[in-house]
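Taking it in order: structure first as structure tokens, then the write-up.
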Amino acid sequence: MKQVIAGLIDSALKTLIENGTLPEDVQPNIMVENTRDKSHGDYASNIALTLAKPARSNPRQLAEKLVAALPQSDNLTRTEIAGPGFINFFISEASTNSLLTTILDQKESYGRNNDGAGRKVQVEFVSANPTGPLHIGHGRGAAVGDCLCRIMDANGWDVTREFYYNDAGQQINNLALSVQARCKGLTPDDASWPEDGYRGDYIIDLAESFMRGDTVKSEDQSFTGTKNSADLEAIRHFAVAYLRREQDLDLKAFAVDFDVYFLESSLYEEGKVERTVQTLIKNGYTYEDGGALWLRTTDFGDDKDRVMRKKDGGYTYFVPDVAYHLDKWQRGFECVLNEQGADHHSTITRVRAGLQALNADIPKGWPDYVLHQMVTVMRGGEEVKISKRAGSYLTLRDLIDEVGRDATRYFLAARKSDSHLTFDIDLARSQSADNPVYYIQYAHARVCSIFRKLAENNLDWDLETGKAALSCLELESEKNLVINLGRYPEVVKNAASAREPHQIANYLRDLAGDFHTYYNSEKTLVDDENLRNARLTLAVAVRHVLANGLDLLGVTAPEQM
RNA sequence: GUCCCAGUAGCUCAGUAGGAUAGAGCGGUCCCCUCCUAAGGGACAGGCCAGGGGUUCGAAUCCUCUCUGGGACACCA
């Protein structure tokens, strides 16, 4: 609808240019906005305000001329000039009816678009190292990342979900040592406990499983415990496989799937790290100092140069990161979104600098990052403290068990990811209108419930008679509901371009609210057959949009609650 | 010290490319209801958008400085 109005304005502008009211070289930026206040019409444009200066005219006069030059359209009932020179548009019944028809015809594809045109996007998210169960921070990453995938998909992108993990570094070594210590019966309080050992109770389970000779299988690997507590290498493999399986179960419980599990160790095994380093040296961006090899990241906006290869010969962590991203680029991902905790912020500049230094024609701002801030959990009005060190741990799975998958996903994705999130367990659990997930899902279930009632009354409804009856929808609340439904495709688009899943959540809450209000004030199953059919049709359209939006959040749309 | 994020109603947060009187939920106060299954519905109160300066027709939104909170700044990953 916005495009329709923008088109009308555009042709009015052409007329004004032709008759000399506007200079020929104006470059109009036509904006059509949703109005907050319905007395300002359904849509509004500030075009006259922005063009008043080049037209050497005052905005209201220009607006009048523009309105006079607008072509006739069935979509509008009238226009109005208001305030300093806004043009307000009131759309017609024909227009809202055709919007409803579109929704009903497109059903689950309503709101989707083809902006991505099948181009490849990779979303890397969670990427937790296999050193422990997933906690709520990972959960936020999983929820936001998965929603981003769904949103990109809805915008026509070809999405690959990728999970990257470090299976070789120092912390895996610590993990192996910790498990070995447990295998030998040590506890964290013993003097010989590894210095940076992991203290959580899950290490005990892991050690016991290894000593039993269990076989663990995860999405991307499998390993059998050798029962030999002296074999650190076997313990390491087993521990990684074991914790990967645990994480898989967590993710499964959260309905998050990945297409690719990428092992950091493979970068070394396949020589990718080495080749990357050689390229950087060849390109002249490195130098030796103090026995270490440095990368001149300051050439690319970093505030100091970074060590690539330490004195002891090992690479610093960002080197495999650069190799990894080169690999992503070579796999053809024009767009890469890395969803990470905000504590990874400092790597961004380094990775991008490293990529630029490869001279591989990688765009400057590539890849894209979506960072999320911390999550604090509240229960009974008090903060639930999480101490990884002491091993007291609120895992993602605990949370899912306690509040359910839908609520967990919704709460973790419904806030803008770069602000801190307070997760209120009591609210997430509550079965009332205070709980936004419940509220939205209930709106969906409510439509379904109306149809069950209809069947009980031995009445029926079908799409064609419903569409034919739409002209019975005369109420302002009905028209507003339709206009809100019409905003949905735009929300899907904005959520993708801003990489902000929470926009979907906010939209759905508003829509659900409007529908509940409407439902409470107007009876749907009225005696007048035409009106009943029309209202049922509107309800079906609301149901489609709610279901489509909930799907983008990965939250179910129940028929009954 | 440098960098990033945030600072909007008592609380949790929105605010969509700068736009017309700043929005929602909870909590508070006051009504109504028991009507398509929903412990429900409605109304009111509540704000110098952290603060100063700037840009312009117009700023919560952009620029700049200051203050406060969180995070990041290793030859750790």
Side-chain angles (χ1 to χ4, degrees), chain A residues 29 31 33-37 39-40 44-46 49-50 52-53 58-59 82-86 88 129 131 166 168-172 174 196 264 289-294 302-304 306-318 320-321 341-349 371-374 376 378 381 414-424 427 431-436 438-439 442 445-447 449-454 456-457 487 490-491 493-495 497-498 500 502-503 505-507 509-510 513 516-517 519-526 532 535-536 539 560-561:
Chain A
N29 178 17
M31 298 206 318
E33 293 158 339
N34 303 308
T35 51
R36 283 183 207 282
D37 183 340
S39 68
H40 296 148
S45 178
N46 61 354
L49 290 162
T50 60
K53 211 171 233 177
N58 88 44
F86 291 100
N88 297 334
N129 288 335
T131 55
N166 172 335
Q170 186 55 38
Q171 43 198 347
I172 298 299
N174 288 339
D196 293 316
E264 185 186 11
D289 185 43
L293 182 68
W294 294 71
D302 204 352
D303 56 351
K304 57 183 172 192
R306 305 290 168 177
V307 170
M308 291 172 62
R309 193 172 57 217
K310 298 176 280 183
K311 259 190 298 210
D312 67 11
Y315 291 116
T316 55
Y317 74 94
F318 91 93
D321 256 13
D343 53 343
H344 289 75
H345 166 256
S346 57
T347 73
I348 297 176
T349 316
L371 302 181
H372 63 259
Q373 298 286 334
M374 304 229 325
T376 50
M378 303 291 285
R415 287 268 181 275
K416 199 162 60 176
S417 63
D418 52 15
S419 54
H420 291 238
L421 167 63
T422 305
F423 193 112
D424 184 339
L427 178 61
Q431 303 271 303
S432 75
D434 302 348
N435 181 348
Y438 180 88
Y439 191 66
Y442 175 48
R446 192 165 234 178
V447 176
S449 155
I450 296 171
F451 276 84
R452 282 191 294 273
K453 186 74 181 180
L454 181 77
E456 277 170 31
N457 293 353
R487 278 180 52 215
E490 178 191 334
V491 173
K493 231 175 240 227
N494 288 342
S497 61
E500 290 183 345
H502 78 276
Q503 289 194 22
N506 286 338
Y507 169 80
R509 214 165 59 100
D510 287 349
H516 285 306
T517 302
Y519 174 92
N520 285 318
S521 63
E522 308 301 332
K523 201 171 152 102
T524 307
L525 299 180
V526 291
R532 184 175 69 228
R535 288 185 172 170
L536 285 167
Q560 222 168 333
M561 292 177 76

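Lettering follows sequence order; numbering is per chain, from 1.
Counting non-hydrogen atoms under 4.0 angstrom, A:N129 reaches the backbone sugars and phosphates but no base. No engagement by A:F451 is indicated, since no non-hydrogen atom pair under 4.0 Å with the nucleic acid exists. At a threshold of 4.0 angstrom between heavy atoms, the contacts of A:S346 are confined to the sugar-phosphate backbone, with no base atom among them. A:G290 comes within 4.0 angstrom of a nucleotide base, judged by non-hydrogen atoms across all strands. Using a 4.0 Å heavy-atom criterion, one finds that A:R452 contacts the bases of the nucleic acid, with or without backbone contacts as well.
Checked against side-chain contact (heavy atoms from CB on, under 4.5 Å), A:R415 has the following partners two or more places apart in sequence or in another chain: A:R140, A:L421.
A:Y442 and A:H516 have parallel rings, their planes meeting at less than 30° on a 0 to 90° scale where 60° marks the start of perpendicular.
Following rounding to the nearest Å, A:Q373 (CD) and B:C13 (C1') show an atom-to-atom distance of 15 Å. For A:H345 and B:C73, the NE2 to P distance is 11 Å, given to the nearest whole Å. The separation between A:D303 atom CG and B:A74 atom P is 9 Å, rounded to whole Å.
Rounded to whole Å, the C1' atom of B:G41 lies 15 Å from the corresponding atom of B:C36. Across the P atoms, B:G15 and B:A50 are found 15 Å apart, a figure rounded to whole Å.
Nearest nucleotide to the A:D418 side chain, out of B:A14, B:C13, B:C5: B:C5.
Between A:S419 and B:A14, a side-chain N or O to OP1/OP2 separation shorter than 4.0 Å is present.
In terms of position along RNA chain B, the nucleotide closest to A:S417 lies nearer the 5' end than the nucleotide closest to the other residue of the pair A:S417 and A:E456.
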Kindly give the atom pairs (protein nitrogen or oxygen, nucleotide nitrogen or oxygen) under 3.5 Å for nucleotides 18-25 of chain B.
{"unit_1": "B:G19", "atom_1": "N7", "unit_2": "A:N46", "atom_2": "ND2", "d": "2.7"}
{"unit_1": "B:A20", "atom_1": "N6", "unit_2": "A:N88", "atom_2": "OD1", "d": "2.7"}
{"unit_1": "B:A20", "atom_1": "N1", "unit_2": "A:N88", "atom_2": "OD1", "d": "3.2"}
{"unit_1": "B:A20", "atom_1": "N1", "unit_2": "A:N88", "atom_2": "ND2", "d": "3.3"}
{"unit_1": "B:U21", "atom_1": "O4", "unit_2": "A:D37", "atom_2": "OD2", "d": "2.8"}

